[in-house]
Amino acid sequence: MTITDDLQKLLDILPQDLRQVLENHPQRDSLVEVVLDLGRRPEARFPNQAEYLSEIPVTQEQIDDCIRRVGIFGGDNRAGIEQTLHRISAIRNRTGKIIGLTCRVGRAVFGTIGMIRDLVETGKSILMLGRPGVGKTTALREIARVLADDLNKRVVIIDTSNEIAGDGDVAHPAIGRARRMQVAHPEQQHQVMIEAVENHMPEVIVIDEIGTELEALAARTIAERGVQLVGTAHGNQIENLIKNPTLADLVGGIQAVTLGDDEARRRGSQKTVLERKAPPTFEIAVEMLERQRWVVHESVSDTVDNLLRGRQPSPQTRTVDDHGKISVTRQLAVVNGRGGQVATAEESFASGRGSNGWRGSGQMVALPPLPIERERVTGRSEFDRLLDESFNYPERESIDFSATRQPGPNGEDLPLHIYPYGVSRHQLEQVISVLTLPVVLTKDIDSADAILALRSHVKNHAKLRQMAKARHVPIHMIKSSTIPQITRGLRRLLNMDDPEIADDRELQLFLHSGSDDEMDALEEARLAVEQIVIPKGQPVELLPRSPQVRKMQHELVEHYRLKSHSFGEEPNRRLRIYPA
C-alpha cells in the first residue's frame with residue numbers, strides 16, 4: 001500500500017509548541033487526530049492510545065489562531081485545508097462561538113480495496129458499513145479512483161463535507177480522473193445526487209455518509225436509472241440498517257405481511273411475518289469490522305430474507321495479511337438432522353484471483369451450471385483438531401495409524417480396527433482416506449474392535465450375530481452402503497457423532513473420479529440446496545439425469561439431511577429436493 005497524508009500541512013495550523021512536539025514524536029506517521037478544547041490540555045490520538053501534548057490548557061487565542069489558518073466552516077461545522085484531505089471539525093457554544101477543534105488527519109491509501117476489487121469490477125452497487133474511524137471514506141476514495149482510472153468509467157463524487165476529494169476548488173489527486181460535486185448545505189445532498197445524474201451522465205455515483213430518508217430515496221432513484229452506486233452508512237452490520245427506519249430502504253425496506261393458513265403452516269411461522277418490501281438499493285454490502293477484516297454480503301436480498309426468517313446468513317469474511325494475501329472464510333448454513341446449522345468452509349487465494357471450488361460464490365443462473373474444478377477442500381474438521389491435540393503430532397498428514405495404537409480423545413484405542421460386512425470396502429477406504437479417520441479395515445473378525453454391517457444383512461445372518469456375541473465385538477448397522485451412511489457410521493464408532501458439526505471435506509467424497517456429466521449434476525444439486533432449498537425453504541426440481549447420476553445426487557442431498565425423490569418417466573426422470 002502507498003500512503004499520502006500531507007501531514008505537515010495539518011501540523012502547520014497548530015500552535016508552535018504543539019507543532020514541535022508532534023514533529024519530533026516517534027508515532028507521528030500514525031497520528032489519527034489532534035483535539036483542542038478550551039480550558040483542557042491538548043491531546044493527540046493514535047490508533048491504540050492517546051496522550052497529552054502539553055500540561056498547559058488550551059486558550060481561546062490558540063483556538064482562534066488555528067481557525068484563521070483553515071478554510072471556512074460550513075453548515076456541518078467542518079473545514080479543510082486547501083489541496084489536502086484533512087478535516088477540522090468545530091465545537092461551538094450556545095452563542096455560536098468555536099470553543100473546540102478536532103483536527104483529523106486525512107490519508108490517501110492506495111491499494112486499500114484489494115480485498116473487494118473483484119466486487120467493484122462487477123458493476124453492482126456496493127454499500128460500505130462500519131463505525132466511525134474504521135476507514136470507510138478512505139476505501140470510498142480508492143474505489144472512486146479505481147473505477148475512474150483503471151476501469152475507465154465516468155465517476156461523479158458527491159462530496160458533502162469535502163472529505164473525499166479535499167478542501168478547495170481543485171480536487172485532490174487521490175481520486176484520479178473522477179469528478180467531484182460539492183454540496184453547499186448538508187441538507188441538500190439528496191438534491192445534488194439527483195442533479196449529478198441528470199446533468200453529468202455518470203456511470204458511477206459515489207456518496208459518503210447516507211444518513212437521511214431523503215438521501216436513501218435519492219439513492220434508490222439513482223439505482224433504478226441504471227447507475228452504479230458506491231456509498232457508506234454508519235452502522236456495524238446489516239441488522240442495524242434493518243432496524244433503522246430511516247435507512248431501511250437501502251436494503252429493501254421492511255413490511256408486515258399476513259400469510260394464508262396453508263403458507264403459515266408450511267413455513268411453521270405465525271400468520272403475520274416481516275418481509276422485504278422491495279429489491280435492495282445496494283446489491284452488495286461490506287461490513288468493515290476492522291481495517292484488515294471485512295465481512296462481505298454478496299447478495300443483500302438473500303441476507304435480509306434470511307435474517308427476517310430467523311436464519312443466519314452465510315457471508316464471506318475477508319482478511320488481508322501484511323504480505324497482501326487475502327484469506328476468505330465463509331459461514332455456510334448447512335442444515336442437519338436437528339434443524340441446526342452450521343459448517344465453516346475456508347479458502348485462500350492470492351490478491352486478484354478468485355475461487356471456483358465447491359464453496360465458490362457463484363449464483364444460481366441458467367442451467368446446466370458450469371463444471372467445477374476438482375480441487376481438494378482444505379477445511380479442517382473438529383475431529384481433526386481434537387485428534388491432533390490428543391496425539392500432539394506436528395503435522396496431521398504424517399500420522400501412520402497402522403503402526404501403534406494410541407489413546408483417542410474419548411479414551412478409546414486408536415486406530416480402530418473395523419470388520420466390514422456387506423458394506424462396500426472401496427467406499428469405506430475412500431471415506432477413511434478423504435476424512436483422514438483413524439480407522440483400519442480388517443478381514444479377521446478376531447482382531448476387530450467393531451463390525452460395520454448393513455442392517456438387511458445382519459437380520460438374515462444369525463451366525464454373524466453369534467460370532468460377534470461370543471467375541472464381545474459390537475455390531476454397528478447402517479441402512480445402506482452409501483457415502484453419507486458410511487460416514488455417519490464411522491463417526492458413531494469413533495464417538496464423534498455430533499449433528500451440530502458438519503465436515504465440509506465430506507463433499508469431496510462425491511467428487512471421486514466422476515465424469516464431467518456427474519460433476520455437472522452434483523454441482524447443480526449443490527447449488528440448488530445451498531442457494532434455494534435451505535435459504536429460501538422452497539423445493540427445487542433438477543434436470544433429467546441417468547439412474548446412476550441420480551443416485552449420486554440422492555446421496556449428496558442426504559449429506560445435507562434433506563429428502564429427495566425421483567419422478568417422471570425415462571429419459572426425463574429427475575430429482576425433486578424438498579426443504580427440511
Side-chain angles (χ1 to χ4, degrees), residues 262-263 266-267 298-299 301-302 305-306 314 332-337 343 345 355-377 423-424 426-427 430-431 434 454 456 478-488 502 504-580:
D262 293 340
E263 180 66 12
R266 189 185 71 81
R267 293 192 186 186
E298 300 158 287
S299 175
S301 57
D302 289 345
D305 290 345
N306 284 331
S314 56
L332 290 163
V334 179
V335 177
N336 56 34
S355 172
N356 55 355
W358 276 95
R359 294 303 188 191
S361 58
Q363 297 298 314
M364 195 78 168
V365 287
L367 295 175
L370 295 174
I372 59 174
E373 178 181 331
R374 303 176 194 181
E375 60 179 18
R376 183 175 180 84
V377 180
V423 182
S424 169
H426 171 73
Q427 287 184 314
Q430 184 183 340
V431 172
V434 172
L454 283 181
S456 58
I478 57 177
K479 291 189 295 185
S480 58
S481 185
T482 62
I483 286 175
Q485 288 288 322
I486 291 173
T487 302
R488 291 174 207 163
D504 284 310
R505 293 185 303 166
E506 292 176 26
L507 287 173
Q508 186 192 356
L509 295 168
F510 300 98
L511 294 175
H512 186 69
S513 64
S515 65
D516 288 342
D517 183 56
E518 291 170 346
M519 304 284 278
D520 285 356
L522 290 173
E523 178 70 349
E524 177 194 3
R526 182 191 71 83
L527 289 174
V529 168
E530 294 186 356
Q531 295 185 7
I532 298 178
V533 179
I534 292 176
K536 298 183 179 179
Q538 299 174 357
V540 172
E541 291 182 8
L542 305 182
L543 291 176
R545 302 286 182 180
S546 65
Q548 179 185 357
V549 174
R550 287 201 310 274
K551 180 176 182 293
M552 298 174 67
Q553 288 180 325
H554 278 300
E555 291 187 8
L556 178 61
V557 172
E558 187 183 355
H559 167 77
Y560 289 95
R561 274 68 165 177
L562 298 176
K563 293 187 179 298
S564 59
H565 294 292
S566 294
F567 73 100
E569 301 295 331
E570 296 290 359
N572 294 318
R573 195 163 173 79
R574 56 200 181 274
L575 237 68
R576 180 179 289 156
I577 306 173
Y578 299 95

Next on the checklist: Donor-acceptor check, side chain of Q553 to backbone of L575, threshold 3.5 angstrom: yes or no?
Outcome noted: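 Answer holds: no.
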Least distance between heavy atoms, [X] atom then [Y] atom:
X: R545; Y: A521; value: NE-CB, 3.6 Å
X: S564; Y: Y578; value: CA-CD1, 4.4 Å
X: V423; Y: L454; value: CG2-N, 4.0 Å
X: L562; Y: P579; value: CD2-C, 4.2 Å

Checklist entry - Excluding sequence neighbours, so at least two apart, what forms salt bridge (charged side-chain N to carboxylate O under 4.0 Å, His left out) with R576? => result E541
Checklist outcome for this item: The salt bridge (charged side-chain N to carboxylate O under 4.0 Å, His left out) partners of K551 (sequence neighbours excluded) come to E555
Contacts of type side chain to side chain contact (heavy atoms under 4.5 Å, CB included), residue [X], not counting sequence neighbours:
X: N572; result: P544, R574
X: P547; result: R550, E570
X: P535; result: N306
X: E569; result: none

Separation between [atom1] of [X] and [atom2] of [Y], rounded to the nearest 0.5 Å:
X: I577; Y: E524; atom1: CD1; atom2: CD; value: 8.0 Å
X: Q531; Y: S299; atom1: CD; atom2: OG; value: 9.0 Å
X: H565; Y: H554; atom1: NE2; atom2: NE2; value: 8.5 Å

Next on the checklist: Measuring only between side-chain heavy atoms, which start at C-beta, is K536 closer than 4.5 Å to D305?
Outcome noted: no
